[in-house]
Structures are given as C-alpha cells and as structure tokens.
Amino acid sequence: MSKYRTHTCGELNISNKGQKIVLSGWINKKRDHGNLLFIDLRDNYGLTQCVVDNENKVFKEIEKLSLETVIKISGEVIERNKDTINENLSTGEIEISIINFEILGQTKELPLPVFSDQEYSEEIRLKYRFLDLRRKKIHQNIILRSKVISFIRSEMNNLGFLEFQTPILTSSSPEGARDFLVPSRLNPGKFYALPQAPQQFKQLIMVSGFDRYFQIAPCFRDEDARADRSPGEFYQLDLEMSFVEQQDVFEVVEKLLVKVFKNFSDKKLLFETFPKISYSDAMLKYGSDKPDLRNPLIISDITKLFERDDISFEIFKNLVKKGSIVRSIVTKNTKDKPRSFFDGIDKWAKEHGSSGLAYFTLEKNDKIVGKGPVGKFFSEASLVELMKITNADIGDTVFLSCGKQSDVEKILSIARTRIAEELKIIKEDYFAFCWIVDYPMFEIDEQTKKISFSHNPFSMPQGDIKNLDLTDPLSLKAYQYDIVCNGIELSSGAIRNHVPELMFKLFDIAGYSKKDVEEKFSGMINALSYGAPPHGGIAPGIDRIVMLLADEKNIREVTMFPMNQNAQDLMMNAPSTISDNQLKELNLSIKKKT
RNA sequence: GGGGGUGUAGCUCAGUUGGUUAGAGCACGUGCCUGUCACGCACGGGGCCGAGGGUUCGAGUCCCUUCACUCCCGCCA
C-alpha cells in the first residue's frame, strides 16, 4: 500500500461504502459551516468531498488550511443522503468522513485562483504556469494532447512506419524561416542551427532504405508569434515514405486523421475522403489557400461582365480597363435583411483596408432588377448573365469587390468569413478537411522582383522530369500539397525531387549556383547521387490538431510550458544573460546597445 | 519593423463632464453558523490607479513620452 493513498480522488463510489481509505490531493474548495466543514479534495483523477465536524479534535486545524494546500486525509467512505448527492461528480454519491489529516505541501497566498472559470492575464498565467495547469480546462487539454500523441504513435506503427530521432543540433539552411543558432565551443566562430523541421534528415532516412519513417518532431523557427503559432518551438507529426506518389501519401494521412478526429471529438467530419482543390481554384473560390469549407459561400470572378455596354457602373468599368478585376460573393435569400446588415459589411470592409464592398439584391417584379446602392447600374440582361456565372437566384444579394487581384482576394477571403458569421451559416459542429494541391513551384517576390521557391525547394515539379520545359518557370507546378481543416493550415508536404541534376536546374532559377547548392545542401545532394528512391511525405502540426480537437483558439491552451509573445519563458526566465566565462569559452562577445 | 486593444487591491473588473476619503465580487484575516457543493451572514486588513513628464486651483480621468501584456500585418522553404 502506498504511504500516501489507497485510492485516487476520482475513484471512490458507493461500492466502497464503509471502507477505511487514505486520499492525498489539493484543497480545491472549502465550505466552512463553523462546526461542520466540507473540503473538496482534488487530484489528477477527480474530486472527492471530505467532511469533518467539531467533534473531531483536528477540526480547528483543518479549518485553518488554505486553498491549494496539499494534504493527506484518512477517513471512512460514507454514503450520502439522497438529497445531498452531487450528480456532477463521479464520486458524488459518497463522501469521506475525515478521521485524521497530514499536511504534505504548504502554500503561500495564491497569485491566481485555481478554482475559478475566470479569465486572467497571460502574464500571471505563464509566470505561475504550474498553478494555471491545475485548472480544469487546460489540465484536460494537456491530457488530451498526451492521448492524441500516443494514439498517433500506435496508429503509425500499425501503418508500418518506424519512429526515428533526428539531430537537434544541425546546420543552418538558407531557405525558409530565421534559424535559432547555437555557438560551437569546439569550432570557434561556427554555429549549429536548431532544425526548422527534420526535412533533410527524413529524406536521408529514405535514401538509407528505411522505407517509412515518422517522428513526433520538435521544430524550431525564430519567427514572430500569432495566436496559433508559438514563438520558438512546435511539434509536427513528421512522416516520409519511399516509392510513393502523391495519392499514396493522401491515403495514409486521411486514414490517420479520420481516426484521430473521430476518436477524440464529438464533432462530425464533413468529408471522409478529403476534397482536392487546386491552389488556383482555392484562390479564386475562397480567396485563400486555406479555405474554411464549413462556410458555404463561394467567390466568383465577374470581371468580364464589366466590358458590357449595358452596365453603367463607370467606376468599376474604368478600373477594369486598367487591369483591375471584379469578384463577387453571393448570399442566398437575403432580400429581407435590414439595410444595417449590408451597410455594416460595407463599413467593416472599409475598416479592413478596402474601398468597401458594393452590393445589391436581386429582385423581380415586371423584370429582374438590382435593388441597392449600385443595382441601378445593371441592365436586366446583364443581371441574367451575372446570375448564370455566380449561380445567384432572385432574392439573393451580390457583394462586389474591384481592384488588384491580390487585394480582391484578400478582402473577399475575410469578407467571406465575416458575412458567413453574420448570417450564422458556418457549420460549427463539423471538421471540414481538404487538400490544396498543384502549388506553383516558383513565385515572384513583389519587392525584389526575383523568382524564388514558393514552397519547398526540394519538391518535385510536375510533368516529364526527363524533358522538363523550364522556359516559363512561373507556370511550373509542383507535387506540393497542404492539408487544411476549418480554415487552419495543418501541414504541408510534397513528393520530393530525388534527381540531383534537376535540383541544380531548379535552384539555378531561384538564383543559387551549383556551387551554392553543393555547399548549402551538401549532405542531401551527395546522398541523392548514390541511388535515391522516389519519395515523399508530409508533416501535420500536432499543436494545431490538438487545438482543433480541444476547440481552442490559442496554441498556448494546448501547450504545457509556452513562451509569451516576445519569446520569453516567464517561469524559467529564459532567455537569460550568461557569464563572461561562458562567453569566453564560446569565443563570443556581446556588443553594447547603442 | 508597423497598426489596434488592455493596464485601477493578491485575482477579475467598475470608476460619470477633470472635483470630497478610489469602489464591487472572489481571495485573505476575525467572529457567528452541523448538510454545503459558486454555502450563508457580519466586521476587517489590503491601492505608487503600469512608469515618467506636462496642462490645471485640482488628474485614475485630458495631453506627450515610455514600459508590459495581448491581437493583427510584415515574417512563417
């Protein structure tokens, strides 16, 4: 028998009636009636009500204990009266009549309450994370995370994947995010980098002939934080497979994610075979490469309409002549919405950096007309044509945005969400997964006008790889794919380029000489030259999967010890200064701030 | 690097047009209370109103600067 307990605080029930037991835990809540005192004792497993009255000689001592003191209680399991049963507790049919107690851990006055549903500031939560983590919701989130990871491990094993660790101290790579760097003592002036992802290693594992690899991999990127992005580190389910095409990867990931999401959430899946949407379609129909498919609204391009003579909407027509585009969102049966709804959307759009959203509602009396501020500019014939393009009906409203393509995409993407929220047509009880496929291999940097890799430089371009036409690199598509759920990018992956000669050519387009590539990616280029299998993979983000399952909007709610927005650990005081001696050993000196 | 929000008791917040001694709930302390489960009642301690400067007879409140936290943009192969 344990010195500290015979049972946990979530374990006892009516079947233990009459037993002498020992429990240990935290004082979650006290209810003091003067001569009768209730204590809710809490541990990881649950809550048990303990009771003591003034006939007990330790009563006065127990009465003085403050919340969150850790105590050991010995007592007897008593059946509660019918009218005092608490149906919200698994232990609610019994209570412990306290015989004796012992203090195991004293507490100072609490900087934040544990038993409370109140929100409180991040600063205090992160500084006293060990107290914060005692709170119910986040405690359960962390347990969920553990269970999800362990489930994924076992499923990956079942699917024939082997788990390997890859180095944490590795080399800096020129592409991608900013690296975290670690100075080398034995190699003065040189630095390790923490891996942004085990990208090269997992490809090397394939070249080494291990066929199917996975890892719950820590990834380090020195980028600014967002609500769904921790500064510093995050975890990916990193996986890679040999002798596969894109579809083989899709099948494995779909199988896995469907199981995970069915197992750990009550929400339903909108699709069990995830729809595949090309990058260009996604940008057109949703204005984004991470569309939320729970939202039924779809964007249409109606630029061509504005070449018609029977439309007199001169502002848009002139802009179109100068190369602007016009796209629309149609909302179903919104003719009876109050004026304030439409103006609200328009005003909101203006606040978000656009020139607003023009709109009109389709109505039919003798003939079809557009009702609303700009409806009068459209002839009946042009409205019929518009209805054909956008699938709009009488009673629907058409919102219009005109401008530069990237601006229109941006504003309509967020307008799509905003309008759907207003109309309450987002299917909140679902997970809507999709694949975004056919990403362009290259893109043009708006500022430098240089061509760069749009995603991963190691991706395999689509087409005949032996006779690839590289004269128009911007039209080249890659076997590069993202998985998106409810508007959140869960991961990206690719079929890799395992042909060194082709890789040199592609890097050349992005401005890297053969020598650069050999130097920066020596490990991998070298390996690919000694018999590399065709291979590909993906890396779903663990933190974001758990966020979706726990229905949390902030990644810190599913991370045990997160850093704050300035990449500081307020509990451990990281980062911190180091001693002169440490600096000397590392051959480093710190420049004074100017 | 840029933009928005917030900052008042240990915690969560209120504080009117600039006007007496800055309030509430929880927590803490003392007292009463033997069936509560957000127990109840009474009393009490607790404040550099984030920091600095300015306007004013007078600033928690107005102005400027600055710091912290947070959300967003940039960034995230």
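The sequence lines fix the lettering, A, B, ..., with proteins before strands; numbering per chain opens at 1. Just so it is clear, the model here is predicted, and its values are computed rather than measured.
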message: On the six-membered ring of A:Phe115, is A:Lys29 placed so that its NZ or CZ lies under 6.0 angstrom from the centre and within 45° of the ring axis?
response: no

- request: Among A:Lys202, A:Gln203, A:Gln196, find the one that has a side-chain hydrogen bond (donor to acceptor under 3.5 Å, both in side chains) with A:Gln199.
  value: A:Gln203

Separation of atom CD in A:Glu223 from atom P in B:rC72, rounded to whole Å: 15 Å

field: Interatomic distance at C1', B:rG45 relative to B:rG10, whole Å
entry: 13 Å

query: Could you give the CZ-to-C1' distance, from A:Phe220 to B:rC75, as a whole number of Å?
result: 20 Å

- prompt: Start at the 5' end of RNA chain B and walk down; is the nucleotide closest to A:Ala197 or to A:Leu67 reached first?
  reply: A:Leu67

Test salt bridge (charged side-chain N to carboxylate O under 4.0 Å, His left out) applied to A:Glu93 and A:Arg80, step by step: CA-CA 6 Å; A:Glu93 282 186 297; A:Arg80 292 203 209 180; over 6 Å; no

- request: Pick the C1' atom in B:rC63 and in B:rC13, then give their distance to the nearest Å.
  value: 26 Å

query: For atom C1', what is the distance between B:rG19 and B:rG2, given to the nearest Å?
result: 40 Å

message: What's A:Asn564 touching, base or sugar-phosphate or nothing? Going by heavy atoms closer than 4.0 Å.
response: sugar-phosphate

A:Ser172 side chain to A:Asp179 side chain, donor-acceptor N/O pair below 3.5 angstrom: yes

- prompt: How long is the line joining CZ of A:Arg178 and P of B:rC75, in whole Å?
  reply: 11 Å

Pairwise C1' distance for B:rG46 and B:rU30, with rounding to whole Å: 15 Å

message: Has A:Asp569 got a side-chain atom pairing as donor or acceptor with A:Pro562's backbone, closer than 3.5 angstrom?
response: no

query: So does A:Gln140 have more than 12 non-hydrogen atoms from other groups sitting under 6.0 Å from CD?
result: yes

- prompt: Choosing from B:rU70, B:rC73, B:rC69, which nucleotide comes nearest the side chain of A:Arg226?
  reply: B:rC73

- prompt: How far does the C1' atom of B:rC67 sit from the matching atom of B:rG50, given to the nearest Å?
  reply: 7 Å

query: Which dot-bracket string fits RNA chain B when only Watson-Crick or G-U wobble pairs with both atom distances under 3.5 Å count, crossing pairs get [ ], and | stands for a partner on a different strand?
result: (((((((..((((.....[...)))).(((((.......))))).....(((((..]....))))))))))))....

d(CZ, A:Arg229; P, B:rC75) in whole Å: 10 Å

- request: Specify the separation, in whole Å, of atom CG of A:Asn566 and atom P of B:rC67.
  value: 12 Å

- request: Would you please say whether a donor-acceptor pair under 3.5 Å links the side chains of A:Asp438 and A:Tyr481?
  value: no

field: P spacing across the pair B:rC73 / B:rG54, given as an integer number of angstrom
entry: 40 Å

- prompt: Are the side chain of A:Arg544 and the backbone N or O of A:Ile488 linked by a donor-acceptor pair below 3.5 Å?
  reply: no

message: Could you tell me how far B:rG7 sits from B:rC43 if I compare only their C1' atoms? Round to whole Å.
response: 32 Å

message: Classify A:Asn554 by what it touches in the nucleic acid, base, sugar-phosphate, or nothing, heavy-atom distance under 4.0 Å.
response: sugar-phosphate

task: Search all heavy atoms of A:Ala282 against all heavy atoms of A:Ile436 and return the closest pair with its distance.
output: CB-CD1, 4.1 Å

- prompt: For A:Tyr235, does the OH atom sit with more than 12 other heavy atoms under 6.0 Å from it, leaving out its own atoms?
  reply: no

- line: Protein heavy-atom contacts under 4.0 Å, written 5' to 3' over nucleotides 1-11 of chain B as B (base), S (sugar-phosphate only) or - (none), form the string B--------SS

- prompt: Could you run down nucleotides 31-40 of chain B 5' to 3' and tag each one B, S or - for protein heavy-atom contact under 4.0 Å?
  reply: --BBBBBSB-

- request: Answer yes if the side chains of A:Thr166 and A:Gln215 hold a donor-acceptor pair under 3.5 Å, and no otherwise.
  value: yes

SB check A:Arg5 A:Asp43 (cutoff 4.0 Å): yes

query: What integer distance in Å separates A:Lys410:NZ from B:rC73:C1'?
result: 8 Å

message: Taking the C1' atom in each of B:rU17 and B:rU61, what is the distance between them to the nearest angstrom?
response: 10 Å

query: Rounded to whole angstroms, how far apart are CZ on A:Arg135 and P on B:rC26?
result: 18 Å

message: Distance check needed: B:rU12 P versus A:Arg125 CZ, whole Å only.
response: 11 Å

message: With a sphere of 6.0 Å drawn around NZ of A:Lys30, does it hold more than 12 non-hydrogen atoms of other residues, nucleotides or ligands?
response: yes

field: Distance-only donor-acceptor test, A:Arg221 side-chain atoms vs B:rC76 base atoms, 3.5 Å
entry: no

- prompt: Does A:Arg556 place a side-chain N or O at less than 4.0 Å from the phosphate oxygens OP1/OP2 of B:rC71?
  reply: yes

- prompt: At under 4.0 Å between heavy atoms, what does A:Gln565 touch on the DNA or RNA strands: base, sugar-phosphate, or nothing?
  reply: base

